[in-house]
Protein chains: 2
Amino acid sequence: MHTAGVTLQQVAQQAGVSLATASRVLHGSGSRTVGEELRRRVEAAAQELRYVSNAPAQALARATSDVVGLIVHDVADPYFGAIAAGAMRAAREQRLMVMIAATFREPGLELEYLRSLRAQRARAVILAGSGTADADATARLAEEIAGFEADGGRVVCVGERGPDLDTVVMANRGGGGLAARGLWDLGHRRIGVVSGPAELLTVRHRLDGARRALRSLGAPLAPDAVTVGDFTREGGRVAAVRLLRARPDLTAVLVLNDVMAAGALAGLRDDLGLAVPDRVSVVGFDDVPFAADLRPALSTVRLPLEAAGEAAVRLLLEPSGDEPRRVALAAELVLRDSTATTVG
Amino acid sequence: MHTAGVTLQQVAQQAGVSLATASRVLHGSGSRTVGEELRRRVEAAAQELRYVSNAPAQALARATSDVVGLIVHDVADPYFGAIAAGAMRAAREQRLMVMIAATFREPGLELEYLRSLRAQRARAVILAGSGTADADATARLAEEIAGFEADGGRVVCVGERGPDLDTVVMANRGGGGLAARGLWDLGHRRIGVVSGPAELLTVRHRLDGARRALRSLGAPLAPDAVTVGDFTREGGRVAAVRLLRARPDLTAVLVLNDVMAAGALAGLRDDLGLAVPDRVSVVGFDDVPFAADLRPALSTVRLPLEAAGEAAVRLLLEPSGDEPRRVALAAELVLRDSTATTVG
DNA sequence: AAAGCGAGGGAAAGCGCTTTCCACTCACCG
DNA sequence: CGGTGAGTGGAAAGCGCTTTCCCTCGCTTT
């Protein structure tokens with residue numbers, strides 16, 4: 001396999017120059033120049049032989065590559081899709097190749113892929129998606145990250161993972177507060193939360209932001225006003241139904257991501273027959289592309305997902321300093337049709 | 001960069017064995033066995049030194065790698081998200097790494113990424129997303145594909161690209177027919193189509209399937225009943241509005257993908273004030289995850305997207321034969337709430 | 001005019017790994 | 001008992017490229 005490839009050696013021969021010269025013409029890193037005549041000959045030969053350089057060989061000789069890894073939970077999730085799109089756009093400008101790995105939400109896989117990327121001698125990896133509160137998994141990940149960096153690679157996170165890592169942080173706490181206050185301003189006093197798995201840091205922060213805001217507003221979140229579901233559409237549906245059965249007095253619910261919110265909307269309508277927003281207001285989180293197309297159009301906390309992907313790639317290019325770098329991205333509350341004022 | 005890595009040599013030394021033996025223990029391809037005692041020592045040493053193999057070096061020595069490329073139009077598009085998810089799941093089982101490249105719908109980029117993957121000595125590449133009818137671009141792509149295969153790589157397409165390529169074909173024609181007949185069976189006689197860019201093969205086939213079905217039903221599609229828009233939500237909205245302004249007598253419209261259909265639904269409602277499905281029925285194409293969450297829930301032609309991604313990876317693993325391989329995947333019409341019977 | 005210099009070219013030493021040979025050790029058999 | 005061959009271990013030749021070091025050459029300096 002892959003035996004038939006044309007080598008630089010052959011190009012050099014055909015051009016009547018040395019291997020070194022051919023290398024300098026075709027992949028030269030600037031420091032050395034090659035005379036006009038020879039340069040022309042080499043380029044012509046490469047063209048003619050349809051030479052394609054051998055990236056692994058280059059990576060070996062240079063001890064670095066143009067590959068950057070992107071580890072996400074799920075490629076089909078619009079949240080990660082948006083981040084990935086931003087990252088790939090930025091990567092393209094830097095002529096980097098992006099290698100995406102999906103963990104399907106298994107922390108073990110995350111570790112495995114990080115190792116694999118390390119084996120690839122990827123120049124950097126972006127860890128997108130929330131870290132978990134599982135101390136053991138976090139420690140092993142930290143160890144692997146340290147190893148990766150020791151090998152000279154860069155690691156940047158999108159979303160909180162730990163204080164020593166370069167990260168693009170999105171305003172999860174801030175967004176949670178924004179949503180809670182937005183609901184409050186609409187007159188809502190009995191607000192519930194449909195949360196995701198508590199071990200996800202993102203979820204914790206969002207919930208925490210909402211909780212604090214509500215407390216400072218003088219209406220602390222009751223324990224039975226929070227319910228947990230899977231971070232999927234179905235999880236959102238089930239949890240929302242459970243929440244409103246337990247607390248039928250709630251007039252508004254904050255759902256901690258849009259995909260779950262889509263499920264919640266369906267559950268409230270189809271399973272419970274509750275009108276949104278007349279009977280209960282719903283606010284989502286993320287503002288994924290389809291949020292505006294749900295009916296009622298979903299009010300949600302917008303996170304600059306694509307920008308986060310781009311920021312991550314930019315961060316990658318800066319050498320890591322002594323201080324961990326942080327880029328903070330703000331959230332914004334987008335009120336659409338799933339929220340209404342209440343007299344209650 | 002990447003200088004600090006532990007090498008196999010060091011592991012061998014620490015274990016007191018030769019490089020060859022260490023290689024056989026750690027990456028051995030089965031043909032040779034190593035004695036119990038030495039094997040144990042090597043494994044212990046690797047563990048202790050935290051050895052991580054150098055994939056580029058392996059790729060160089062073996063002349064093959066574990067990377068497979070996946071070229072899509074847009075990672076944020078749920079259509080590709082689903083295909084990618086299927087592919088990654090299958091790849092994982094085979095311990096392959098998937099490298100995703102997004103072309104953002106520029107044919108030139110597709111070529112560039114294919115070259116780049118070839119340079120990486122990727123074991124295979126999956127070309128997802130429709131080919132184009134542009135003969136020049138297709139020819140240059142074919143040439144690059146031939147080069148890739150000459151180097152020993154495999155190429156598999158998802159969606160029609162050319163008769164000589166191994167491909168996973170989805171029933172685009174069949175699906176178009178299904179949708180048309182479905183609408184017909186609901187009593188619709190004046191049916192329009194919101195199409196995507198005509199140079200996309202997928203679009204052509206879908207349109208062609210609908211056209212044929214309608215013709216055989218005795219109600220050929222009038223030229224002014226077809227309108228073209230961008231393959232995006234906004235493109236769908238604009239085109240649908242244009243179509244129904246030009247042909248207000250239409251009682252049903254087939255939109256050639258779900259993302260566009262979401263836009264069409266919005267346009268018909270907000271711009272034109274036309275009730276769906278009472279005044280006009282809408283059928284989409286693909287059945288992306290959010291289709292059921294649109295209101296009215298979108299009737300659509302379901303394509304087995306994840307299965308297609310998986311099938312592509314499986315196809316990759318089979319050696320390419322003399323005959324190009326084809327895997328055909330069926331479409332299915334899913335009737336939800338955006339379609340209704342009409343009295344005609 | 002001798003020395004110094006910068007620029008362009010090539011030889012060759014790796015980069016870290018796989019794999020082909022070759023060497024050696026033991027049964028085991030004729 | 002030499003011969004045979006299976007089972008193991010190691011030496012070493014690459015894989016295709018980058019890069020250091022050295023050499024030559026044509027000029028400018030003093």
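Convention: sequence-line order gives letters A, B, ...; per-chain numbering from 1.
Rounded to whole Å, the distance from CZ on B:R62 to C1' on C:dC17 is 9 Å. Look at CD on A:Q10: it is 8 Å from P on D:dG16, rounded to the nearest Å. Distance B:L26 CG to C:dT19 C1': 16 Å, rounded to the nearest Å. In this structure, CZ of A:R24 is placed 8 Å from C1' of C:dG8, rounded to the nearest angstrom. As a whole-Å value, the separation of A:R40 CZ from C:dG8 C1' is 17 Å.
Along DNA chain C, the nucleotide nearest B:T21 and the nucleotide nearest B:L60 are compared for position; the residue whose nucleotide lies closer to the 5' end is B:L60. Nearest-nucleotide positions on DNA chain D place B:L38 closer to the 5' end than the other of B:L38 and A:S53.
Phosphate proximity of D:dT18 to A:Q58: present, with a side-chain N or O under 4.0 Å from OP1 or OP2. For D:dG10, one of the phosphate oxygens OP1 or OP2 lies less than 4.0 angstrom from a side-chain nitrogen or oxygen of B:S18. At the phosphate of D:dC17, neither OP1 nor OP2 sits under 4.0 Å from any side-chain N or O atom of A:S23. Here B:T33 reaches the OP1 or OP2 of D:dT8: one of its side-chain N or O atoms lies under 4.0 Å away.
When side chains are defined from C-beta on, A:R50 does not count as touching A:V6, because their heavy atoms never get closer than 4.5 Å. A heavy-atom distance below 4.5 Å is not found between the side chains of B:Q120 and B:S65. Here the side chains of B:V25 and B:E43 are in contact, with some heavy-atom distance below 4.5 Å.
Looking only at atom types and distance, the side chain of A:S53 has a donor-acceptor partner in the side chain of A:Q58 under 3.5 Å away.
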